Amino acid sequence: MELYEFLTGTTEGRCLFTMLVSMIPIIELRGGLPFGVALGLPYYLAFPAAVIGNLIPAPFIIVYIRRVFELMRRFLPSLNGLVDKLERKAHLKGQKVQKYQYIGLWLFVAVPLPGTGAWTGSLAAAFLGMRLKKAMPAVVLGVLTAGCIMLGLTHVGVNLFSGAV
């Protein structure tokens with residue numbers, strides 16, 4: 001069976017495809033959940049696939065991103081501009097989170113808008129020195145909250161475009 005046929009023609013493949021899309025920075029769950037529904041997944045499968053996919057990178061970002069940036073600076077100096085940009089973004093977003101710490105991180109990740117989400121929230125947590133053990137529950141709650149919001153918006157959108165509303 002061809003990869004494309006598997007990813008689009010089977011329930012398991014569509015779940016995997018939804019997870020993969022939800023792992024992409026910027027797109028994350030806010031794009032992955034509607035994508036899974038558009039592929040034909042029922043909500044009860046699209047939701048956990050998008051949530052799991054969105055959460056997979058988070059612990060690695062929280063624990064390793066500072067080391068990755070150090071290695072990029074040392075061995076790939078041509079990418080210093082990109083690293084600087086990402087660090088500035090993390091510090092800027094981190095200022096919003098820092099005042100309220102873990103509740104702030106949860107709320108920041110929960111807002112399904114561009115520039116928020118598990119990737120940026122995890123990046124901010126890493127640069128604020130938050131420990132994985134405490135930051136990860138806030139990120140998980142944020143992703144679940146964003147997932148519920150996107151589930152509702154996706155449902156309204158599907159009904160609106162199908163003429164059911």
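Quick caveat: nothing in here was measured; it's all calculated off a predicted structure. Positions are given from 1, in the same order as the sequence printed here.
Counting all heavy atoms, side chain and backbone alike, Ser22 lies closest to Gly32 at OG-CA, 3.3 Å. Nearest heavy atom pair, residue Gly117 against residue Val109, reads O-CG2, 3.6 Å. In plain terms, the two heavy atoms of Ala110 and Ile149 that are nearest each other are O-CD1, 3.8 Å. The two atoms that bring Leu86 and Leu123 nearest to each other are O-CD2, 3.9 Å, heavy atoms only. Heavy-atom minimum distance, Arg30 versus Pro114: NE-N, 4.1 Å. Closest approach of Pro59 to Leu55, counting heavy atoms only: CD-O, 3.2 Å.
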query = What's the verdict on side-chain contact (heavy atoms from CB on, under 4.5 Å) for Asn54 and Met23, showing C-alpha distance, side-chain angles and the deciding distance?
reply = CA-CA 5 Å; Asn54 197 193; Met23 289 174 70; over 6 Å; no
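No side-chain heavy atom of Gln101 sits under 4.5 Å from any side-chain heavy atom of Leu105. By the 4.5 Å heavy-atom criterion applied to side chains, Leu41 and Val37 are not counted as neighbours. With a 4.5 Å cut-off on side-chain heavy atoms, Phe69 and Tyr64 do not count as touching. Using a 4.5 Å heavy-atom threshold, the side chains of Ile65 and Phe60 count as separate. Taking the side chain as every heavy atom from C-beta outward, Trp106 and Val139 never approach each other to under 4.5 Å. For the pair Phe35/Ile27, no side-chain contact is recorded, criterion being any heavy-atom separation below 4.5 Å from C-beta on. Looking only at side-chain heavy atoms (C-beta outward), Tyr102 and Met130 come within less than 4.5 Å of each other.
Between Thr11 atom OG1 and Leu16 atom CG the span is 12.5 Å, to the nearest 0.5 Å. Between the CZ atom in Phe17 and the CG atom in Leu3 there is a gap of 8.5 Å [rounded to 0.5 Å]. Between the OG1 atom of Thr120 and the CD1 atom of Ile61 there is a distance of 8.5 Å, given to the nearest 0.5 Å.
Dense packing is recorded around OH of Tyr43, with more than 12 heavy atoms of other residues, nucleotides or ligands lying under 6.0 Å away. Other residues, nucleotides and ligands place more than 12 heavy atoms under 6.0 Å from the CG atom of Leu79. When the shell of 6.0 Å around CD1 of Ile103 is examined, it contains 12 or fewer heavy atoms from other residues, nucleotides or ligands.
Arg66 places no side-chain N or O within 3.5 Å of a backbone atom of Ile62 that could act as its donor or acceptor partner. Between the side chain of Arg14 and the backbone N or O of Gly36, no donor-acceptor pair lies under 3.5 Å. Thr116 places a side-chain N or O within donor-acceptor distance of the main-chain N or O of Val111, the cut-off being under 3.5 Å. A donor-acceptor pair is defined here as one N or O able to donate and one able to accept, closer than 3.5 Å; such a pair exists between the side chain of Glu28 and the backbone of Ala118.
Side-chain heavy atoms closer than 4.5 Å link hydrophobic residues (I, L, V, M, F, W, Y) into clusters, and following such links, possibly through other members, connects Val68 to Val83. Criterion: ILVMFWY side-chain heavy atoms under 4.5 Å apart, direct or through other members. Under it, Met19 and Phe6 are part of a common hydrophobic cluster. Met136 and Leu107 are not part of a single hydrophobic cluster, where members link through side-chain heavy atoms under 4.5 Å apart. With hydrophobic clusters built from ILVMFWY side chains whose heavy atoms lie under 4.5 angstrom apart, Trp119 shares a cluster with Leu82.
A salt bridge links Glu87 to Arg73: at least one charged side-chain nitrogen sits closer than 4.0 Å to a carboxylate oxygen.
If you run side-chain contact (heavy atoms from CB on, under 4.5 Å) between Cys15 and each of Ile52, Leu45, Leu20, Leu7, only Leu45 comes through.
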